[in-house]
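Scroll down for the structure; my scribbles are underneath it.
Every chain is numbered from 1 and lettered A, B, ... according to where its sequence line falls, protein lines coming before strand lines. Keep in mind it's a predicted model, so treat the numbers as computed, not measured.
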Amino acid sequence: MSLSSLMNQFINDFSFLILAAIGLAVIFGMMKIINLAHGEFIMLGAYITTLSAQAGVPLIISIVFGAIGVGIMGYLIDRLIICRLYGRTLDSVVVTWGISMVIQQGMLIIFGPSLQGVSTPLGSVSFAGSTYSVYRILLFAISIGALFLLYLIFMKTKFGLYSRATMQNQEIARSMGVNTNRIYSMTFSIGAAFAGLTGGLYAPTMAISPTFGTGFLMQSFVTVIVGGANPLIGTSLSGGVLGIVNSILDTTWGTFFGEIGLLICAILVIRLLPLGFSGVVEKWFVRKRRM
Amino acid sequence: MKLKKISFKGVTLFLIFTLIMVLALSGCSGSSQGSNSKTIKLGLLEDRSGDFSLVGIQKYHAAELAVDQINQQGGLLGKKVVLDAPDTQSNNSVYQQMAKKLILQDHVVAIMGAYSSASREAIRPIMDQNKMLYFYNNQYEGGVADNDTFLTGAVPEQQIVPLMKYMIKKFGPRVYTIAADYNFGQISAQWVQQSVKQDGGKLVGQEFIPLDVSQFSSTISRIKAAKPDVLVTLLIGQNQSAFYEQWAKQGDKSIPMASSVNLAQTYEQLRFAPPTMANMYVTTSFMQELDTKYPGAKTFVDAFYKKFPHDKYVGQEAEAEYSGIMLWAKAVQKAKTTDRDAVIKALESGISYNGPTGPVTIDPKTHHVIRNMFLVNTDSKQKIQIDAEYKAVKPDWLSTAKGVDLPKKPQSHQYTPLGN
Amino acid sequence: MVQGKIKTENIVAALIFFFLFICPLFIDSYSVLNISYFLSMAFLSLSLTLIWGYCGIFSFGQAVFFGIGGYFYAVLTLNLTGTSAITPLGLLLGVILGGLAAWILGYFMFYGGVNDVFVGLITLCLTLVLSTFMGQTAGSAWNIGQVSLGGFNGINGIPALELGPISLSGNNFYYFVLIILFVIYCLLKLFTHSKVGAAIVAIRENRERTKMFGYNVPKIQSLVFAAGGALASLSGILYATWGNYITPSAFALSSATIPVVLVAAGGRKNFTASIIFTVLYYWFAQGLSASGSQYALVILGLILILVTLFVPDGIIVFLFHLSDRLFFHRESKMKEVQEEHLHEKNIG
Amino acid sequence: MKKTSVENSTNKKAILELKGVGKYFGGLRAVDNINLSVKKGDLHCLIGPNGAGKSTIFKMIMGVYKPTSGSILFENNAITNKRTWDRVKLGLSIKMQIPGVYGDLTAYENMKIAAQNFYKRREMNNKIMELFDLLEITNLKSKIVNNLSHGQQQWLEIGMALACKPKMLLLDEPAAGLGPEETNYTSDLIRKLNDKGLTILFIDHDMDFVKNIAKSATVLHLGNKFAEGTVDEIASNQKVIDIYLGK
């Protein structure tokens, strides 16, 4: 396999892993909620984007609509359901499973088994003998942009400060006057919005159906598991490492081995570094600071 | 939380729960009492939810249409035909449960349905065990020889063999196959391999893709590196149809694609914006675009949309379901009973009916059907062009290559071209 | 739970088993067949109740052992058809294999200090590995002996169990499953009152502290996990013989999640509750599916959400307590459960 | 305990020895090169301000943490690499700082969990009742532990620790959060146990409490050993008074 096709593959894998995982990572990392409805959030983003693009809205604005729409819906779901489950990691598994059933079947009832898609914009370029989809390169840039946005939200805003405080110690944060419930709702909503963004971004590259999200689920979970609790450090590192593993295995032996390789990576990481990459990095930082 | 609040909500919840249970139960028992001497119960197993509902709903509606038309013409043997159609939810375990229910509790006279090969193989043994007449009305990978089963969809010798011959002759010998990694894909790929060999082509690559994969960039670069003249795509399910959009952008659209499942079944030409699906060649027994040329097809398509105005497509499998039910109805009329043995005998007499695209005739030896096939392609606007028509193509591979003759040698087996 | 006995639970359990033992006398053969399917799935819930409800090991991996059991039984018996006594031997070996596989996985995790939600994640990944792997075994390269693994289509024609001259189908199979279920249910009940039973509750409540009472916690966890694996494997084998069929969907994400959902919604610390809820759920789900209603999955999803929100200890357990309070005047019990729940909130 | 009869009051045999034990968390030196020896029959106290590393030492003795350096000997056997439960079987037992009781179970069931590993079924009930009597909490036997007071939970946990047939008992802040009456009761209990020949090592802040019961003490400061000796020596050590006791 040539280096350029490996590179092309890595760009694709990295952006897919990051975008698939980012919403899940925010919700899991900040709230310790395993959101099994993550795939359905992505699917909703894709539907909103596709429907508004068909209604004549420019694609880029449609994608933003997708993110905002799912963000609002995430806020509602949190207020109605999830807010009663803060701190109950395992109950949240059951509830989000229920939510995913309702959303998926609900969309089938409302919109039928498929929707006409919009085609991928922006043509393709040839470089070093191979063709690259411009949109794919843009996705790569957006995935890095999304990580940067996450950095801005959680490291540079007051909300981010409060939410990190809440994540560290809910009791203390609350005693210092932080409305932790509001922080959680916002976090859930941001996580959902990222999922919606992912759905919107991938909508023009895939078939639109109520099972749209299932294609993201495995990759998103693996990325979050390998990354650990910190959504920013964890997601970017594990996206990078898994992207490399997946692209090498995939280009050399085929899709199946790429997939199995990801899963085995995840199992090894949980066994060897139960806190994931971000756990290791944080430990390293703590040590450095104390030395 | 306060104690009072919880118990109040709990009691309410419990009441709701019990209510639903009672409703569900009464629903169940109600349906089982529906069987009486004035009606004939026909079982139908199709996916109305889940990954395969895209085709499952088309087939379910086609079956409703067929039963309606039969009843409008006075029913069968003076009785009304009633469809007993649980939702199999694209879940093979549900297929099994529902097949048992239809046979043992609802006592249907025959069962139609199943979409994926996996679901067919899940219920076929149950049909055999219970001596139930079963129709698999779907295009498939071929090779099933089973006395209780009739297969009214197109098979590889009707689809892949003529298609590969045409493609190699027209575009060149180098063929690359990508196929869904399960039995349908594997066996269909064997057919492609065999046809390529017979037609003097060369298989330059073959790849099987897990069903849950939706990202294809590595596959696309491998295909491009192999520089094929023809790309055969045997992809299944919603995830895999994402290939086309990605191929259109990253791949090489000048390479013609060939398929036995796409367009006619899952209407990608309407679901994807052009020119994603351009330059694709498909052999099919039916698709709704044939109504421009064939009046029978037009009558069928019009009737379908009159009954289901909100549906988006009526394709190959919908027609197969419709024809399957019509053939069964004709056999029942001929046998003058719904009794399994008599109906099988009537079917094995080589019964024929005039379907939307011409006569559909049972081949007694193999329990498959002889039917007209069409080779179509998409232009740059994804409009369907009819390239060739093959009259009365025989499903004769089982009888000629494997010596199958079901009326004489009863069996229940699936043959594969490279296996036994 | 170790302390005291819940009266309603015992009465209900006795009534249900009594009813199950006599019901084939007055229901049709299809319903008997159906209930035996539900009962087969109850073993899977029991296995998760044991390891999660009692020992605090949260696992998405019961589907792994379910599948291993089913596939092992299929491959063994299909390779040796005609050999008498192969089916009960296959059942036995399959259960042992499931237990062994679980023990190895447990050893790897618990001795390595993997616990809590990480066990859930690691088992989830393993389930997905197996489902991906088995899904691509459609090619002719994947034969074990004369049996082809069959990829996504799975393995068909798996022989039914035979005990000597008796073939276990219909009512025979039903009673076979019911008796095993009854025996295992009683054993599990006894087990929870035993020394190890007390130890596993201690491990669930406070793992680190329990070590300091001289318990080899990883060893006990691995053994309980192995027992859970064996039960799940038994469930898989019974499922395979019921439908004569096993596919990789046994390992799919939904199969991995459904036992968790059933056990959590029914009452995860209570064997009786998880059996009852499992049977009710499958019955209800099947009823909805048979009705062909497109709202089936929506209704199921809503029920799960409502149950978790309003009766977090599980709906069946809640009903037990409610009835205890109404008929046996055990006010304090309810209160204690409340507190237990609050306590869990803090540690969970 | 072969040589109890030939004990020499000035040179008693050490039951527990820490030799150069250190524990670093990343760059943080929680415990640095500590040497500590507790003699058989002693009632020894570890004192020091928060963060002095007392609880870390306890956790290393029990095998919760593995020391970064050094070795731990119990009855002259190196136990540094032994697992927690094996140490308990050798005769080490602990009462934790935050009550380590099982809140959802009854007091009796709690005791059973601790005792069943060390007593046969027949002896167990007698032993448990004996311990309840010793602690004077027999009336709490069938209460759910979450409904007990903080002090009652503390005593129950001491009882549970005693049910493990200990040769040496570690108590992490036995009097923390107790009222004066409860504290008196606790000190009486500790003395009573020590009089019966049980070696006890405990942690506390409260100098009065320590003076009241301990025979000897070690002062820790920022992970280092600061002073060691009898309680009177410690109490009169000016440096100790300055940095720690100087109220």
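- Proximity to chain C (any heavy atom under 4.5 Å) is shown, for Q97(B), by both the backbone and the side chain.
- Only the side chain of S49(B) comes within contact range of chain C, judged by heavy atoms closer than 4.5 Å.
- For chain C, the option among A189(B), A180(B), A122(B) with the highest count of heavy-atom pairs below 4.5 Å is A122(B).
- Among S249(C), A250(C), G243(C), G151(C), the residue making the largest number of heavy-atom pairs under 4.5 Å with chain B is G243(C).
- Within the 4.5 angstrom heavy-atom criterion, only side-chain atoms of S31(C), from C-beta onward, approach chain B.
- Rounding to the nearest 0.5 Å gives a distance of 10.0 Å between CE of M98(B) and CG of D84(B).
- The distance from the CG atom of D47(B) to the CG atom of N91(B) is 9.0 Å, given to the nearest 0.5 Å.
- Within the 4.5 angstrom heavy-atom criterion, atoms from both the backbone and the side chain of S93(B) approach chain C.
- Within the 4.5 Å cutoff, side-chain heavy atoms of F184(B) are placed close to those of Q139(B).
- Between Q414(B) and E141(B), the side chains place a donor N or O and an acceptor N or O closer than 3.5 Å (distance only, hydrogens not considered).
- Separation of atoms CG (L234(B)) and CG (D181(B)) is listed at 12.0 Å; rounding is to 0.5 Å.
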